[in-house]
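Below is one structure; the comments refer to it alone.
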Amino acid sequence: MSNRTSVAAASPGGGYKGDEGAERGQRRLLLEAYFDFIRIRFLTMLAYRLNYYTGILIYSLNIGVNYFTWKAIYGQGESLGGFTAAQMTTYVAVSWMARAFYFNNLDREIATDIRDGSIAIQFIRPYNYVFAKMMQGLGEGMFRFLLFMIPGMALAMLLFPVQLPHDPAAWVGFLVMLFFSFLINSQINIITGLLAFFVENNEGLMRMKRVVVDLFSGLIIPISLFPGWLSSILKLLPFQAITYLPGSVFTGRVQGVGIWNVFGIQIIWFVILLIPLFWLYRAARQRLFVQGG
Amino acid sequence: MLYHLGLLSEYLKNYMKTRLTYRADFWVEVLSDLLFQVTNLIFIFVIFMHTNSLAGWSQNEVVFVYGFFMVPWGVFACFVNMWNFSERYIVKGEMDRILTRPAHNLFQIFLENVDPPSLIGSLIGLLIMAVSGINLGLPFEWWTVPALILLTISATAIYTGIYTTLTALSFYSDAPTGIIPLMYNIQSYGRYPVTIYNRAIQVLLTWILPFAFVGVYPAGLFLQREEMTRMALLTPVMGAIFLSIGLFVWSRGVRKYKGAGS
């Protein structure tokens with residue numbers, strides 16, 4: 001809510017066509033407005049930080065349960081789907097903690113804006129609605145990275161035999177790819193949210209998306225463990241770019257030039273997903289009717 | 001009692017009317033629930049592609065436990081649905097209206113959120129139990145059906161107790177607590193043989209957040225697992241205890257409710 005006031009302040013009059021200085025000034029104001037979206041969301045999250053302490057505990061429990069389940073599955077076996085037991089532990093821990101970072105509820109927020117009609121007001125403001133949402137997501141992501149993922153990872157390392165990579169390239173590659181995980185996950189969320197324009201109540205769709213992302217991104221089962229036909233289908237879908245690819249880099253299963261290959265897949269998906277995103281956004285602006293008003 | 005049943009049927013009728021206005025969404029929702037169950041089954045199947053037994057449990061046994069797990073969950077999700085309580089009733093002040101209604105406030109909230117499509121999940125759970133039970137050659141005794149009913153009611157009571165307690169926390173804190181969605185992950189761990197976990201997680205799933213009692217313990221009774229029988233018989237007791245805790249915390253919480261002031 002508070003972000004609205006900041007945007008209102010950052011959009012004075014407008015309509016000085018031809019006056020280049022004013023136009024540039026306006027662009028600067030707009031940029032500041034976007035920056036404020038990040039800042040304010042970060043501060044809002046900070047106000048509710050108590051929730052995230054319980055979150056860290058529950059995520060650690062998730063890692064624990066998955067860790068013991070995999071341990072039971074491995075039994076005496078040394079390697080499953082190219083994962084050693086030690087790599088699997090690291091993979092499970094880092095995947096859940098990556099989720100702690102990239103997860104957000106942009107789909108739900110957009111659907112709520114659409115359902116209660118407040119999206120109409122946001123559409124006439126001099127900023128791009130989708131881009132502003134992305135910025136809010138980024139603010140949330142920064143919060144989650146600093147106060148959820150990093151302490152969570154530290155706790156997970158205390159509790160479970162997680163092996164951190166020694167190769168600096170794996171670290172750099174992982175962090176960059178993690179950022180793209182966030183971008184791709186947010187794109188999918190925004191697309192799901194905007195679909196509320198076309199189905200009025202997209203609760204089921206949002207739930208379905210959550211399940212699909214968790215399973216097909218490799219969070220619950222690494223993609224190489226799926227039966228051959230399914231894993232080759234999953235390799236054609238964007239979800240693997242969210243968890244499986246960065247996790248593979250971090251566990252050291254993908255090294256050297258391979259990192260560039262998997263990073264390339266992420267970039268391709270990021271670009272491809274922009275198409276439905278913009279198309280939906282345009283179609284949505286034309287279709288908008290406010291329910292109940 | 002009769003009065004409450006009458007209310008229930010009225011609300012169910014109302015539910016059908018509102019849902020039929022958003023017909024496409026209704027099916028998407030049913031489908032998404034089913035998909036959720038399917039993904040869990042996929043997990044089990046994928047696991048057993050790589051191993052023959054999970055701590056001494058075969059694939060059919062684990063699938064049977066999963067089938068049982070779905071039955072009380074569907075009943076619970078149908079009749080006790082407090083998913084958006086904090087937003088809808090506390091933040092928007094709808095709780096004011098609830099408190100002026102003649103029915104008990106918790107019952108009234110359950111009524112307003114009935115979700116019959118969830119029962120489809122229970123039916124599928126029964127089907128899964130039947131199929132894997134036949135595969136395992138489980139005997140069908142005279143007590144099978146009564147035990148199933150009793151254990152389903154008990155497990156539903158455990159769910160209701162836990163989620164009522166957690167929901168009642170929103171009477172004490174204005175901030176939306178993100179605990180409940182996270183709980184959905186944890187409950188699913190009760191449907192695997194708890195013996196695979198370490199002691200701490202076993203204790204947690206048995207006594208603190210007793211989700212093992214909605215899955216593996218009661219199902220162990222039908223699977224003739226000697227080590228689980230005692231726990232299975234304890235399920236009704238745990239149900240009674242946790243339901244009482246939930247109702248107690250709830251009634252304390254309602255007394256703290258002051259309205260949203262709008």
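Numbers restart at 1 for each chain; the letters A, B, ... are given by sequence-line order, proteins then strands. Keep in mind the model is a prediction, meaning the values are calculated, not measured.
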By number, which residues in residues 55-73 of chain B have some heavy atom less than 4.5 Å away from chain A? none
Closest non-hydrogen contact found for A:M208 with B:L35 is CG-CD2, 3.4 Å
As an exercise: rank A:T54, A:N62, A:I220, A:T69 by heavy-atom pairs under 4.5 Å with chain B and give me the winner. A:N62
Just wondering, are more than 12 heavy atoms of other shown residues or ligands nearer than 6.0 Å to CZ in B:F36? no
Partner chain A: residue of B:T51, B:N52, B:I42 with the largest heavy-atom pair count (under 4.5 Å): B:T51
Atom pair CG (A:L225) and CE (B:M49), whose distance is rounded to the nearest 0.5 Å: 8.0 Å
Is A:I73 close to chain B through its backbone or its side chain, or both, or neither, when contacts mean heavy atoms under 4.5 Å? both
Closest approach of A:V65 to B:Y189 (non-hydrogen atoms, all atoms of both residues): CG1-CD2, 3.1 Å
Identify which part of B:I196 has an atom lying under 4.5 Å from any heavy atom of chain A, answering side chain, backbone, both or neither. both
So what's closer than 4.5 Å to chain B heavy atoms on A:Y59: side chain, backbone, both or neither? side chain
Check B:I201 against A:G64 and note the closest heavy-atom contact, atom names and distance. CD1-C, 4.0 Å
Tell me if the CZ atom of B:R252 is crowded by more than 12 foreign heavy atoms within 6.0 Å. no
Output the distance between atom OH (B:Y197) and atom OH (A:Y67), rounded to the nearest 0.5 Å. 14.0 Å
Can you name the closest pair of heavy atoms from A:L80 and B:H50 and give their distance? CD2-CB, 3.7 Å
Taking a cut-off of under 4.5 angstrom between non-hydrogen atoms, the residues of residues 210-218 of chain A near chain B are A:R210, A:V211, A:V212, A:L215
Is it the side chain or the backbone of B:L204 that comes within 4.5 Å of chain A heavy atoms, both, or neither? side chain
